[in-house]
Structures are given as structure tokens and as C-alpha cells.
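Remember, it's a predicted structure, so these values are computed and weren't measured experimentally. Basis for what follows: all heavy atoms, side chains included, without hydrogens, waters or symmetry-related copies.
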Amino acid sequence: MRGYIPPHNSDENIFVKKSVRQLELAQSIGSVQFTLFMDLRQQQLFMAQSNKYCDINVQLICGYDGEGERKIAVICPDYIDLEYITPPIVVLRTKLSDSSLSHKDFLGAAMSLKIDREYIGDIIVKENEAFIICHKNVAGIIAEELISVKHSSTSFEIWDKPLKFEKQYSELRTTTVASLRVDSVVAAVLNKSRREAVKLIKQCSVKVNHMDILHTDFEIFDNDVISIRYNGKYKIFCDGAKSRKDRIFINIAKY
């Protein structure tokens, strides 16, 4: 398993300092604290800090039943039962008249309302409906002002029923790689040469779990999410199985 990777830029340093302040506040005055929505990299940074506090409880939640990607942290003293805490998450739902609308379309429409990304969790688009998981502070803005996505009218309502969603992938395939170095895996993901993969990495076009990757020898682990600029986002599954030629099997799932 990959070890902890410390913050490696100013934004991550600021995020860690903010996280520590919330953790210390929960510890010092015994109050319940909530973060805003965090991506995978921020979740790793936050949990690394929270592990330093033995007398507080932390739970990461996405707001629905399923494999959530963006989550908030509920922070409270260990004598408070997390089960009785209501997180500041609202689920908004709209019916779809245009089945071609995508996650990207809804995110872009929400961003056009000048809402910071950290107030919006996962966006789920399926069949004839779409759900936006958001912080309660922006739920009213989205419900009242997000009246269209592209050229389709939308009308959001608060969804207070259970919501279950399993991640759907548009493509799933199996291949082999010589190693789990990021350059080797990216080459396999895109069906390109290793030289082309190295070029993308050096152009800062590759992220792993929302973290910029700058070195070609960075190692990929099971369940890592690789984002490649202009080429999509992929989840990598690998259990260590090898072929007769000692190559490593990996499953590539495209979002």
C-alpha cells in the first residue's frame, strides 16, 4: 500500500493548515465540525492529520449509499455518537428531458452560478434523472437559479428519500503492463507508446487521485484514479496477478 505523501504545493499546505485548525477546534472546545467537500487527494491529506488526534472521531461521507468520490468529513469528540449527527448535505434531484446531458454539463452549469467547487459533491446522472449532492448553504441557490443545463430546462427539488448509486463505467478492459509505474500504466490506458506517456506526464497532464504527477516512476496501486487532460478519467484495478511472461494484469475502467 502506498504510504502517506505530504503536501507538495502551496494549495495543499493551506488545505492542511485549515484541516488542523478544524481538528484542534473539535478537540479543544468539544464541538462538532464539518469540512466542505474534498476530492480524493484532500481526503488523504485530511485523514493523515486526523490520525494524530486520538480523542476525536472522523467519518467521511458522500451523502448517498454508494462508492462516493467527493466527501465531507464529520469531526467530533469521541464521546459524541456520529450516528446522531446530521451532516450539512442536501441532495437535489431533477427529471431529464435530454438523455444526452452529462456530469460535465451539470457541473459546468453549477459553476456558472459562481459556486465554489468545494460546496458541490458528486453529481449523478442516470436514465431520466440527475442528482446534485451539495452543501446546504448552496442548495437554495442551485434549486432557485439552476433553471437550465445547456438548452434543457431543469427544475430541482430536495430529494429526501434514500439514494443508492453504484459507479458506472463506460468501458472496462483488461491488459498487461511491464510495471506499475505511472508512465507504463498511462501508456496502456491510452494505447500509446511509453514515450508518449512520458511526454504527457512531463506536460503536467496526468493526475493520480487528483494529485499532479511529475515523475514517471510514480507507482500506481489498486483503486487509483488516473485523470489525463483531454483524455478522460480512469480507475485502475490490480491484484498483483501476472502473466506467464511476468507482466502484470490490470483492469482499466473508464468513467
Problem - Pair Gln22-Ser19, side-chain donor/acceptor within less than 3.5 Å - result: no
Problem - Any donor-acceptor N/O pair, Asn9 side chain to Asp11 backbone, under 3.5 Å - result: yes
Problem - Test item: side-chain donor near acceptor, Glu69 and His210, under 3.5 Å - result: yes
Problem - Asp217/Arg181 salt bridge by N-O under 4.0 Å criterion - result: no
Problem - Any side-chain heavy-atom pair of Leu82 and Cys76 under 4.5 Å - result: yes
Practice task
Hey, could you give me the OG/CD1 distance between Ser179 and Ile248, rounded to the nearest 0.5 Å?
Solution key: 6.5 Å
Exercise for the section: Measure from the ring center of Phe37 to the ring center of Tyr119 and say whether it is less than 6.0 Å. Expected result: no
Practice task
Using only heavy-atom distances, determine whether the side chains of Tyr64 and Asp122 contain a donor-acceptor pair under 3.5 Å.
Solution key: yes
Handout entry: Full working for side chain to side chain contact (heavy atoms under 4.5 Å, CB included) between Val177 and Ser184
Key = CA-CA 6 Å; Val177 291; Ser184 180; 3.6 Å; yes
Exercise for the section: Taking atom OH of Tyr4 as the centre, report whether more than 12 heavy atoms of other residues, nucleotides or ligands fall under 6.0 Å from it. Expected result: yes
Exercise for the section: Taking the side chain as every heavy atom from C-beta outward, state whether Tyr53 and Gln27 have any pair of such atoms under 4.5 Å apart. Expected result: yes
Exercise for the section: Decide whether Asn13 and Ser10 meet the rule of one side-chain donor and one side-chain acceptor closer than 3.5 Å. Expected result: no
Practice task
Decide yes or no for Ile252 and Ile250: does some side-chain heavy atom of the first lie under 4.5 Å from some side-chain heavy atom of the second?
Solution key: yes
Problem - More than 12 heavy atoms of other groups within 6.0 Å of Ile158 CD1 - result: no
Handout entry: Ile85 and Phe34, any side-chain heavy atoms less than 4.5 Å apart
Key = yes
Problem - Main-chain N/O of Asn231 paired to Tyr234 side chain as donor or acceptor, under 3.5 Å - result: yes
Problem - Residue pair Cys238 / Ile220, side-chain heavy-atom distance below 4.5 Å - result: no
Practice task
Please say whether more than 12 non-hydrogen atoms of neighbouring residues, nucleotides or ligands are located less than 6.0 Å from NZ in Lys199.
Solution key: no
Practice task
List the steps, then state whether side chain to side chain contact (heavy atoms under 4.5 Å, CB included) holds for Ile133 with Ile89.
Solution key: CA-CA 7 Å; Ile133 319 299; Ile89 294 178; 3.6 Å; yes
Practice task
Give a yes or no on whether Lys245 atom NZ has more than 12 heavy-atom contacts from other residues, nucleotides or ligands under 6.0 Å away.
Solution key: no
Problem - Trace of the side chain to side chain contact (heavy atoms under 4.5 Å, CB included) decision for Asp224 with Arg2 - result: CA-CA 10 Å; Asp224 276 349; Arg2 179 186 299 120; 2.5 Å; yes
Problem - Whether Asn209 side chain and Met211 backbone form a donor-acceptor pair below 3.5 Å - result: no
Exercise for the section: For atom CD of Gln203, decide whether the heavy atoms of other residues, nucleotides or ligands shown that lie under 6.0 angstrom number more than 12. Expected result: yes
Exercise for the section: Using modelled atom types only, decide if a donor and an acceptor are shared between the side chain of Arg117 and the backbone of Ile120 within a distance under 3.5 Å. Expected result: yes
Handout entry: Test item: Ser193 side-chain N/O and Glu196 main-chain N/O as donor-acceptor pair under 3.5 Å
Key = yes
Handout entry: Non-hydrogen atoms of Glu166 and Gly66 that approach each other most closely
Key = OE2-CA, 4.3 Å
Handout entry: Donor-acceptor contact below 3.5 Å, side chain Asp39 vs main chain Gln42
Key = yes
Handout entry: Side chain proximity check, Arg173 to Asn191, heavy atoms < 4.5 angstrom
Key = yes
Practice task
Check the pair Lys126 / Phe131 against side chain to side chain contact (heavy atoms under 4.5 Å, CB included), numbers first and verdict last.
Solution key: CA-CA 9 Å; Lys126 59 176 186 177; Phe131 299 87; 3.9 Å; yes
Problem - Worked verdict on Asn57 versus Asp78 for side chain to side chain donor-acceptor pair (under 3.5 Å) - result: CA-CA 5 Å; Asn57 290 327; Asp78 56 8; 6.0 Å; no
Problem - N/O donor-acceptor pair under 3.5 Å between Ser28 side chain and Glu24 backbone - result: yes
Exercise for the section: For atom NZ of Lys136, decide whether the heavy atoms of other residues, nucleotides or ligands shown that lie under 6.0 angstrom number more than 12. Expected result: no
Problem - Whether Ser148 side chain and Ser152 backbone form a donor-acceptor pair below 3.5 Å - result: no
Practice task
Determine whether more than 12 heavy atoms belonging to other residues, nucleotides or ligands lie under 6.0 Å from atom CG of Leu25.
Solution key: yes
Practice task
Using atom types as modelled and distance alone, determine if a side-chain donor or acceptor of Glu12 lies under 3.5 Å from a backbone N or O of His8.
Solution key: yes
Exercise for the section: Might you point out which heavy atoms bring Leu113 and Ile142 nearest each other, and give the distance in Å? Expected result: CD1-CA, 4.2 Å
Problem - Side chain Thr154, main chain Leu146, donor-acceptor under 3.5 Å - result: yes
Handout entry: Pairing of Glu157 and Arg93 as salt bridge, 4.0 angstrom limit
Key = yes
Practice task
Of all the heavy-atom pairs spanning Phe237 and Asp222, show the shortest one and how long it is.
Solution key: CA-OD1, 3.2 Å
Exercise for the section: Might you point out which heavy atoms bring Ala73 and Val58 nearest each other, and give the distance in Å? Expected result: CB-CG1, 4.2 Å
